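Take a look at the structure set out below.
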Amino acid sequence: MEAVELSRFLTAMTLAVHIIFATIGVGMPLMFAIAEFLGVKRNDAKYITLAKRWAKGYAVTVAVGVVTGTIIELQLSLLWPQFMKIAGHVIALPLFMEVFAFFFEAIFLSIYFYTWERFKNKWTHLIMSIPVVLGGTLSAFFITSVNSFMNTPEGFQLKNGKMIHVDPVAAMFNSSFGVRAFHVITTAIMTMAFILAAIAAFKLLKNKFEKDREYHKKALKLTMIVGLVFTLGSMLAGDLSAKFLHNEQPEKLAAYEWHYDTEKRADLVLFGVLDEKNQEVHGAIKIPALLSFLSDNNINTEVEGLNEFPKNEQPPLIVHYFFDLMVTSGIFCFVVSGIYVLTRLVKKWRKFSTHKILLYGILLTGPAAMLAIEFGWFLTEMGRQPWILRGYMRVSEAATHAGGLPGVTIAFGVVYFIILFTAAYVLIRMFKNNPPYKDVEKLEESRGEAS
C-alpha cells in the first residue's frame, strides 16, 4: 500500500475507535443528568442509583476517549502535514476550544463524581451535571466545526498556495457547521440511550436478582423514551443534511443514491447492485420521486446527477451501501422504540412492554445505533473524497511521504485492540458482581438515618 492509502486506513481506524468513546462522551452526561433529575424530583433512590452507576461507568470511557482523541489531533500533523501546513492556522481556534471544552467538562465531572450526598439541597449536586453536559456538547461542536470546514472551507482567501486574510470565526462557523453539529449531537444522544436500553433489556432477560427488576424497568422506560425523542431529532437532522447536500455538495448526494442523470422526480434508491459501466442499478428498492422530495420538499425538484461532475471528482460509490445501512439501522431503532413507547401509553398493552420478543428487539437497538454512527462517519468522510479540503486540496496532495507507516499502522491496531478490550473488561467487572439493589438499599438507609 502507498503512503496515501496507509494514511487513510490509519486515520479511518483511529476514527472508528474514537467515535465510540466520543459518542459516549456526548450522550452519557445528559442521560445521567436526566436520571438524577427524576430521582431528586420524585425522591426515588432507583433513579439516583441509575445516575451514580452511569456516571461511574462514564468516568472509565472518558479516560479512554482522551487517549484516542489526542491521537487523532496528533495524526493530523503526522499523516496529513501538507493539509496542516496550508490550513493549520485556520482551524487552530476550534481545535484549541475543543481542548478547553474537554478540560471544562473534566473539572466539573470530578466535582460531580466526588460530591454525591455532600449537599443538603439535592438540587445543588444536580446543577453540577450541567457543566458536564455543556462541556461534552461543546467539545463535539468544536471538533465537528473542523470537519465541517474540510467539507465547506470558508473564512480565508487563497493566494500563492497560502491562506491569507483569515477569519477564524467564519471558518469555524462555516455553512455546513450548523447542520452537521445538530446531526452529531442528536445521533450521539440517541445512540447512548439505546446502548443503555440494550443493557437494561439484557438484565431483564438474564437478571439473577429479582430485587433489581424494578430498577431495570425504570432504566428501560427512561432510555427508550429518550431514544425515541432523539431518533426523531436524528431523522430531522438527516432531512436537513439531505437538503444541504442538494444545495452545496450535490456530487455527494448523487453518489449516496447512485444517481447518474440530472432529472426531476428523482427516485430514492435503496440497496441494489451497481453496474458502473452501464450506469444501471439492479435489484434495488426504488421509491419514486422521494430523492427530489428529500432534496427540496418538492417531488418536481431537479436533482443533479453524477454525470454533471468530472470522474476524478466523484466520491467512491461504495458510500451508497453505508448510507443504506445507516438509514436501515436508524429506522430499526425508531420502530422498536416507537412500539415500546406505545405499549407504555396504552394501559392495557403495558404488560407487553417487557415481553421477551420486544426485549430482544431492544437488545439489538444498542449495536444497531452504534453501527449507524460508524456507517455515518464512513459515509461522510468517504463522501468528501477525493478532497481533504473540498475544492482546494486533494487527499493525495495532503498525505505524508514518510516511511515506516506499515509498522505504525500495525502498532496502532494493537494499541486500539488493547484499549477496547481493557475498557470492556473493566466496565463488565465493575458492575458484574455488584447488583444495583445493594446501592439502592444503602441509599435508602442513609436517607432514613439522615431524616
Side-chain angles (χ1 to χ4, degrees), residues 24 26-62 108-109 111-134 136 188-205 207 209-230 337 340-341 343-345 350 353-354 359 362 365-366 427 430-431 434-451:
I24 296 171
V26 176
M28 185 63 101
L30 181 64
M31 295 306 300
F32 61 67
I34 294 173
E36 186 177 5
F37 170 78
L38 293 173
V40 173
K41 184 179 181 181
R42 301 179 182 181
N43 195 28
D44 191 322
K46 292 183 178 65
Y47 279 116
I48 295 293
T49 302
L50 267 176
K52 280 188 173 183
R53 290 168 71 91
W54 286 349
K56 188 177 179 181
Y58 175 62
V60 174
T61 63
V62 166
F108 280 95
L109 179 62
I111 296 171
Y112 180 84
F113 196 75
Y114 290 107
T115 55
W116 282 102
E117 309 299 328
R118 298 295 179 92
F119 302 104
K120 289 184 178 180
N121 187 336
K122 301 302 178 184
W123 293 102
T124 303
H125 184 266
L126 175 63
I127 291 171
M128 295 298 157
S129 69
I130 296 175
V132 182
V133 175
L134 286 175
I189 297 171
M190 162 195 152
T191 300
M192 200 62 245
F194 286 127
I195 288 173
L196 295 173
I199 295 171
F202 177 80
K203 288 296 185 180
L204 286 169
L205 286 165
N207 188 35
F209 305 100
E210 188 62 30
K211 290 182 179 180
D212 284 336
R213 193 162 183 82
E214 193 60 32
Y215 168 91
H216 293 306
K217 282 184 177 180
K218 290 192 175 188
L220 189 67
K221 182 180 177 182
L222 167 58
T223 54
M224 289 303 282
I225 291 173
V226 173
L228 178 60
V229 170
F230 281 91
S337 59
Y340 174 85
V341 171
T343 63
R344 298 298 308 178
L345 290 174
R350 284 182 185 172
S353 64
T354 53
L359 288 177
I362 294 170
T365 60
L427 288 170
M430 186 183 291
F431 298 108
N434 182 21
Y437 77 85
K438 292 183 179 180
D439 293 333
V440 174
E441 289 176 352
K442 286 180 184 178
L443 185 58
E444 289 175 337
E445 286 174 9
S446 65
R447 286 181 173 182
E449 292 172 0
S451 62

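This structure is a prediction, so every number in the text was calculated from the model and none was measured.
- With rounding to the nearest 0.5 angstrom, the CG atom of Leu134 is 9.5 Å from the CZ atom of Phe108.
- Note: Arg42 CZ to Ile48 CD1 = 12.0 Å, rounded to the nearest 0.5 Å.
- One distance of note links CG of Asn43 with CG of Leu38; it measures 12.5 Å at 0.5 Å rounding.
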Give the C-alpha distance, both sets of side-chain angles, the deciding distance and a yes or no for side chain to side chain contact (heavy atoms under 4.5 Å, CB included) between Phe431 and Ile199. CA-CA 11 Å; Phe431 298 108; Ile199 295 171; over 6 Å; no

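- Remark: Thr115 pairs with Ile111, Arg118, Phe119, His125 by the side-chain contact (heavy atoms from CB on, under 4.5 Å) rule, at least two apart or across chains.
- At distances below 3.5 Å, not a single donor-acceptor pair connects side-chain atoms of Arg350 with backbone N or O atoms of Thr343.
- Ala51 meets the side-chain contact (heavy atoms from CB on, under 4.5 Å) test with Phe32, Ala35, Glu36, Tyr112, Trp116; sequence neighbours excluded.
- Between Ala33 and Ser129, the shortest heavy-atom distance links the atoms CB-OG, 3.6 Å.
- In terms of heavy-atom proximity, Leu220 sits nearest to Ala197 at CD1-O, 3.6 Å.
- Judged as a side-chain hydrogen bond (donor to acceptor under 3.5 Å, both in side chains), not a single pair has a partner in residues 219-228 (not counting sequence neighbours).
- Looking at residues two or more places apart in sequence or on another chain, you find no ring pair (Phe, Tyr, Trp, His ring centres under 6.0 Å) involving Tyr340.
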When you look at Met28 and Leu196, which way does the side chain to side chain contact (heavy atoms under 4.5 Å, CB included) test go after all the steps? CA-CA 9 Å; Met28 185 63 101; Leu196 295 173; 3.9 Å; yes

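- Considering only residues two or more places apart in sequence or on other chains, Val26 meets the side-chain contact (heavy atoms from CB on, under 4.5 Å) condition with Ala140, Ile185, Ala188.
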Walk me through it: do Met224 and Ile362 pass the test side chain to side chain contact (heavy atoms under 4.5 Å, CB included)? CA-CA 9 Å; Met224 289 303 282; Ile362 294 170; 3.7 Å; yes

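- Put simply, CD1 on Ile34 and CD1 on Ile225 are 10.0 Å apart, with the number rounded to the nearest 0.5 Å.
- Using a 4.5 Å cut-off on side-chain heavy atoms (C-beta onward), Val60 and Met430 make contact.
- Here the CH2 atom belonging to Trp54 is positioned 10.0 Å from the CG atom belonging to Leu30, to the nearest 0.5 angstrom.
- You'll find the side chain of Ile195 reaches within 4.5 Å of the side chain of Met192, heavy atoms only.
- Using a 4.5 Å heavy-atom cutoff, the side chains of Phe194 and Thr191 are not in contact.
- Scored by the side-chain contact (heavy atoms from CB on, under 4.5 Å) test, Lys41 finds Phe37, Trp123 as partners (sequence neighbours excluded).
- In this structure, the side chains of Thr61 and Leu427 come closer than 4.5 Å at one or more pairs of heavy atoms.
- The NZ atom of Lys203 lies 14.0 Å from the CG atom of Leu359; values are rounded to the nearest 0.5 Å.
- Between Leu228 and Ser337, the closest heavy-atom pair is CD1-OG, 3.4 Å.
- Residues Asp44 and Lys218 form a side-chain contact, since some pair of their non-hydrogen atoms from C-beta on lies under 4.5 Å apart.
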